[in-house]
Structure formats: structure tokens, C-alpha cells
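Chain letters run A, B, ... following the sequence lines, proteins first and then strands; every chain starts at 1. Predicted model only: the values in this text are computed from it and were never measured.
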2 protein chains.
Amino acid sequence: MDMNDQEIKIILQKKGVKPSLHRIKILEYLYVKKNHPTVDIIYRDISGDIPTLSKTTIYNTLKLLYEKNIIRMLTIEENEVKYDATMTNHAHFKCISCRKLYDLPVRNRHLGATEIDGHSVIESHLYYRGTCKFCKN
Amino acid sequence: MDMNDQEIKIILQKKGVKPSLHRIKILEYLYVKKNHPTVDIIYRDISGDIPTLSKTTIYNTLKLLYEKNIIRMLTIEENEVKYDATMTNHAHFKCISCRKLYDLPVRNRHLGATEIDGHSVIESHLYYRGTCKFCKN
DNA sequence: GTATCTGCAAAACATTTGCAATTCT
DNA sequence: AGAATTGCAAATGTTTTGCAGATAC
């Protein structure tokens, strides 16, 4: 078990999640790749390393990690959910041409709000759709 | 044909969409109800008035209206798309307890941006999840 | 040994698609 | 008649569910 696995394990334990091998590997993937993957992408990328891994476990794990506030769930796409382990406030930009999803380090007071119009905020999402700087020419 | 239908018709024509009865009624529903409905909700609510209306037509129409920039598509829910005819910049608040979706009249310079980090912005979305003021007690 | 985690297959849904029927001018 | 619109039924694709088997402590 290398350093990364150990760190991931501690993160899970702190949040009250039992650090099974599958859970560690899925969360580690999110931390290392930072690619806002779907369930399918995760399955495609790590099922080689963990031959017994099933998609059901990925679904279960991501749901659990989301409920424990360890990762974010991105519903920018109409048809599939993406996940993100970056928990600091940031925005996203979706290019409708190349389909890439960019992180934007936006400093926005609205993203850090804990209360809006009397409602208690748990999570905030800011995202844009458009044509990215590499596609617009 | 009442005043509303006439107004809706003109809006559609201005955007280059032929104002069929179905299209008028679907867009009018969105304007009048302002309830961020799903395809199913629209179908449930207006298929009584228009007995021949099919869900396929609602799907077709909403897609067309979205592409013509007449309505917005909201992907806040994981599993289904909602639609909104309010085109002025505003945010949304989703209550995880009562499940209601609120409009928030947020004045946010980020929502009006046409360019971010060199990318050309076409649409902006800001939304929150949490517990609404009526559920939190 | 008991509780939790995992995996398979089937089910459940929302959405899309192909194509035929209808409507409008 | 010709072109666009609509509707049905089937297909698609993602996510959930039920339950059985495996694993961990």
C-alpha cells in the first residue's frame, strides 16, 4: 500500500466510511485523475487493476461518498452523472463543441454562501455552457 | 385564440419556429405555470386539453425550443430534465427535504458573463441544494 | 458468526429513434 | 402534392433493485 492509499484511507475513516479496497481505489482515481468521470469511465479505467470490480459497486460507492460529502455529483450532462473529488469552490465550463469539461477557479461569494433567501445551503454549483477557447476559432 | 396565445405565437415566429397548436400550448404552459416541469408533468397537465398530444411531441418541442434559445434546460435533478421559460438571469434552490425547486433573483455578475477564462459563454447556471426555509424547522 | 460489502441479472425509467400517419398550405 | 409535424412502438442507455454469495472483523 503506497502513500496515496494510506491518505485516502484516512479520509474515508474520518468521514465514517469503511475503507474497503474498492472504495479506496475509486476515490483515489477521482483524486488523481480529476477528470469528472462517469461510472462507465471509472469502470473502464480501473476494472483492469481490480478484475472483480463491478459497476454496481461503483454506483454504490459513489452514492455513499456523495452522501458522506466526500465527493460532488455533477449533473451538467442531460443523460449521465459525473463525479468530482475537488471539494473547494470552483465552477465548471462545458464546451458544446469538443465536449470537454473545464474547471474554473472562480472566486464567487455566492458559491461560498451558507444561506440564501432564508434557505440553508449545503452545496452550490455554478457552470457554463459555450465554446471553449480552443474550439472557438 | 386569446391574447396569450397570440403573444406566444409571435415569440415563436420571431425565433423562427412555426407556431403549431402544440408548440403554442407547451410554451404557454411554461410561461404561465413557471413550475420547472418535466416532460411527464407537462404531459399530465395539458394532455387533457389537447387529447392528441403525445410525449414524443413534447420531447421534440422542448428540444426545439431549447435549441432556438426560447427556453432553458435545467439538469439539477440526477434523473430527469426540467424546463424553464424564464430567460432572465436567476439562480435555483433545490430543497432536499420537500423537493421543491425555488427561483432565486440573484444579481450575480458571473451569471451575466459572456466570456470566462477565454471561453465564450452561451448559458450560465447557478443552483444550490439544501434545506428550504419552510423545511428547516 | 454476524454484519457488511459486493456482483449478477433483471427491472425501472427517461429519452431517442425509425417510420408511418396526419396535418397544413 | 409536398413539406413539416406528429405519434406509436421499439430501442437505447443509465441507474436502481433484489437477492445470493463473498468478505471482513
Round to a whole Å and report the spacing from [atom1] of [X] to [atom2] of [N].
X: A:Leu53; N: C:dC8; atom1: CG; atom2: C1'; value: 13 Å
X: A:Ile41; N: D:dG13; atom1: CD1; atom2: P; value: 14 Å
X: A:Leu21; N: D:dC25; atom1: CG; atom2: C1'; value: 17 Å
X: A:Lys55; N: C:dC8; atom1: NZ; atom2: P; value: 12 Å
X: A:Lys25; N: C:dT6; atom1: NZ; atom2: P; value: 14 Å
X: A:Lys18; N: D:dC25; atom1: NZ; atom2: P; value: 7 Å
X: A:Met73; N: D:dT15; atom1: CE; atom2: P; value: 10 Å
X: B:Ile46; N: D:dT6; atom1: CD1; atom2: P; value: 12 Å

Just verifying a value: how many Å separate [X] [atom1] and [Y] [atom2], rounded to the nearest 0.5 Å?
X: B:Lys82; Y: B:Leu62; atom1: NZ; atom2: CG; value: 13.5 Å
X: A:Leu30; Y: A:Ile71; atom1: CG; atom2: CD1; value: 5.5 Å
X: B:Leu27; Y: B:Lys15; atom1: CG; atom2: NZ; value: 11.0 Å

* Structure fact -> side chain to side chain donor-acceptor pair (under 3.5 Å) pairs touching residues 61-71 of chain B, sequence neighbours excluded, are B:Tyr66-B:Glu123
* Asked: OP1, OP2 of D:dT6 versus side-chain N and O of B:His22: anything below 4.0 Å?
  -> yes
* To do: Enumerate the residues from residues 56-68 of chain B whose closest heavy atom to DNA chain D is under 4.0 Å, giving them by residue number; use none for an empty result.
  => B:Thr56, B:Thr57
* Please name all residues satisfying side-chain contact (heavy atoms from CB on, under 4.5 Å) with B:Val81, sequence neighbours left out, ordered by chain then number. => A:Glu78, B:Met73, B:Tyr83
* Sequence-distant partners of A:Ser47, side-chain contact (heavy atoms from CB on, under 4.5 Å), two or more places apart -> A:Tyr43
* To do: Please tell me which of the listed nucleotides, D:dT6, C:dA14, C:dT15, lies nearest to the side chain of B:Val39?
  => C:dT15
* Listed in order of residue number, which residues of residues 74-85 of chain B have a non-hydrogen atom at under 4.0 Å from DNA chain C? -> B:Asn79, B:Glu80, B:Val81
Please list every donor-acceptor pair under 3.5 Å in which a side-chain atom of residues 95-104 of chain B meets a protein atom from a residue at least two apart or in another chain.
residue  : atom : partner : partner atom : Å
B:Asp103 : OD1  : B:His36 : NE2          : 2.9
B:Asp103 : OD1  : B:His90 : NE2          : 3.3
B:Asp103 : OD1  : B:His92 : NE2          : 3.1
B:Asp103 : OD2  : B:His36 : NE2          : 3.4

* Could you tell me whether B:Lys34 and B:Asp84 make a salt bridge, using a distance below 4.0 angstrom between a side-chain N and a carboxylate O? => no
* Examine distances only and state if a side-chain atom of B:Arg129 and a backbone atom of B:Ile76 form a donor-acceptor pair shorter than 3.5 Å. => yes
